[in-house]
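For reference, the structure is listed below as structure tokens.
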Number of protein chains: 2
Amino acid sequence: MAGRTARAEQVSATRELILTAAERLFAERGVYAVSNRQVSEAAGQGNNAAVGYHFGTKADLVRAIARKHSEQIERIRTRLLAEIDDSDDIRDWVACLVRPVPEHLAALGSPTWYARFCAQVMTDPALHEIIVEESLSSGSLPQVVEGVNRRLPDLPADIRAERGAMARELILHICAERERALAENTPTPRATWHDTATGLIDAIVGMWLAPVTHPGS
Amino acid sequence: MAGRTARAEQVSATRELILTAAERLFAERGVYAVSNRQVSEAAGQGNNAAVGYHFGTKADLVRAIARKHSEQIERIRTRLLAEIDDSDDIRDWVACLVRPVPEHLAALGSPTWYARFCAQVMTDPALHEIIVEESLSSGSLPQVVEGVNRRLPDLPADIRAERGAMARELILHICAERERALAENTPTPRATWHDTATGLIDAIVGMWLAPVTHPGS
DNA sequence: GCCCGAGTCAAGCAGTTGCTTTAAACTCCT
DNA sequence: AGGAGTTTAAAGCAACTGCTTGACTCGGGC
């Protein structure tokens, strides 16, 4: 047990190497602009088919990257969910929705690549499904959404869904934009990931509480 | 003059053919998943290098597509800007920001591909710059942003920039999501592009007017 | 009215892709 | 201690990429 077999450690080490190399290259150059060969080489594998051996297709590699992170994010989310303990403040629930992502990015240290990676995958017609089932259908998220909805004023179901989608897009793409700015040494509106989350919570709460114009206007 | 030369018409016709074929393929399969060859073939050009001949690299083709649409969008925006005529209602100004995009999509008829195309290009590290300078730096947009800012309560410059970015991301990706849903025959929260715009305006105004939590919390 | 040049077509180029195959190196189990 | 099975390495494959080349078509200016 202690240290498992040396072989298994070696294997999971190269898997991890490939995973992080792929994530970096995908974020910097684009998922489809990078070949599996380049990923293998960047991971220090002389074997130019290492990606195929360990993961299969590029879609499988993308799924593996997404899963790795979404597990971490899920962990943070359940922790926050426990902390707010059925609070009545909608802000707390929105925080449960928002904070896991930027907090995860903060925990990764600098630089990070996951947000840019995720934004790309999310907008790609072929990969979109993958990341949805890997990140969005997991454990505690529906619980948080339900918690938010319960503390929300009466809204038609359609509007609820619409603003839920807005919150989702906002969280992802604002994080990706900040990550890009950090990578390019461009000024960012917020100093830390935590402050970024606070800004997102402010905005999303305001958005969710906004009055609804009847479409007949 | 009347009818120009028959030859020049033929040329601009095939250019247009390539442009729309590329837009559709890019939206449906992904910008990098489609080769210039495939675009040429889909445009009915026996010449497998037609894209290269008429446009150059793929980046140039993307720029051409973006320019074509952003000209139309710019036209709508200036029209709306004239209609609100220095209104004092912030809603009018936000409408000037939001409406041009969904209204342009509505004018294109169904189905459309531009929103999905745009969302992809916007998240791609290599193409991001292209569409920014082609769509966002154009004519009347800064004017609208300035108009919105003037009708906004006092906000720190950073927060202003942050929420501006949020509005931008929201408009683009919500339109892309609706377009995707339409293409897949999935239910959408709104029946029309106009209603979608109304929902976006509600949300963005609410977001912009939301109180700002001091990051010290 | 005839030749020039822009536009189209078709074939071919070297380079790269994903994937398969074969060989070597290594750990693990008996 | 050695055979077995797995991981890495390296080479090779057909398919496809962008790009160039040369022949053909045809409208327009001298």
Side-chain angles (χ1 to χ4, degrees), chain A residues 1-26 28-65 120-121 124 126-127 130, chain B residues 1-23 25-26 28-65 120-121 124-127 130:
Chain A
M1 298 301 157
R4 221 80 116 284
T5 67
R7 182 57 162 236
E9 262 183 13
Q10 171 72 8
V11 170
S12 73
T14 70
R15 270 184 62 106
E16 202 63 28
L17 235 48
I18 292 175
L19 241 37
T20 61
E23 185 181 320
R24 194 187 74 236
L25 289 179
F26 287 170
E28 287 176 350
R29 302 188 207 166
V31 173
Y32 280 105
V34 175
S35 68
N36 288 353
R37 260 183 155 87
Q38 292 173 318
V39 172
S40 294
E41 286 170 10
Q45 301 296 301
N47 181 7
N48 61 20
V51 168
Y53 181 83
H54 284 282
F55 295 96
T57 74
K58 179 171 288 190
D60 295 326
L61 178 54
V62 166
R63 170 175 280 115
I65 297 173
Q120 270 182 71
V121 172
D124 186 281
L127 304 175
I130 292 178
Chain B
M1 293 303 159
R4 225 81 113 281
T5 67
R7 183 57 162 241
E9 263 184 11
Q10 171 71 7
V11 170
S12 74
T14 69
R15 271 184 62 107
E16 202 62 29
L17 235 48
I18 292 174
L19 240 36
T20 61
E23 186 181 319
L25 288 179
F26 287 168
E28 287 176 350
R29 302 188 207 165
V31 173
Y32 279 104
V34 176
S35 69
N36 287 355
R37 258 182 156 87
Q38 291 172 316
V39 172
S40 295
E41 286 169 11
Q45 300 297 300
N47 180 9
N48 60 22
V51 168
Y53 182 82
H54 283 282
F55 295 97
T57 74
K58 178 171 288 191
D60 295 325
L61 177 55
V62 166
R63 170 175 279 115
I65 296 173
Q120 271 182 69
V121 172
D124 186 282
L127 303 175
I130 291 178

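Throughout, a chain's letter reflects where its sequence line sits, starting with A, and its residues are numbered from 1.
Between A:Val31 and A:Leu127 the shortest side-chain heavy-atom distance falls below 4.5 Å. Using a 4.5 Å heavy-atom cutoff, the side chains of B:Val62 and B:Phe26 are in contact.
With rounding to whole Å, B:Arg29 atom CZ is found 13 Å from D:dC16 atom P. Taking atom OH on A:Tyr53 and atom P on C:dA23, their separation rounds to 17 Å, with Å as the unit. Across the protein-nucleic acid pair, A:His54 atom NE2 and D:dT6 atom P stand 14 Å apart, rounded to whole Å. Separating the CG atom of B:Leu17 from the P atom of C:dT8 is a distance of 10 Å, rounded to the nearest angstrom.
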Residues B:Phe55, B:Asn36; criterion side-chain contact (heavy atoms from CB on, under 4.5 Å); working and verdict: CA-CA 10 Å; B:Phe55 295 97; B:Asn36 287 355; over 6 Å; no
Under 4.0 Å protein heavy-atom contact, by nucleotide of nucleotides 10-19 of chain C - B base, S sugar-phosphate only: BBB----BBB
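Counting only distance, with no hydrogens or angles, the side chain of B:Thr57 and the backbone of B:Asp60 share a donor-acceptor pair below 3.5 Å.
The phosphate of C:dT8 has OP1 or OP2 within less than 4.0 Å of a side-chain N or O from B:Thr14.
Taken to the nearest 0.5 Å, the CZ atom of B:Arg63 stands 11.5 Å off from the CG atom of B:Leu61. Note that the CZ atom of A:Arg37 and the CD atom of A:Gln45 stand 14.5 Å from one another [nearest 0.5 Å].
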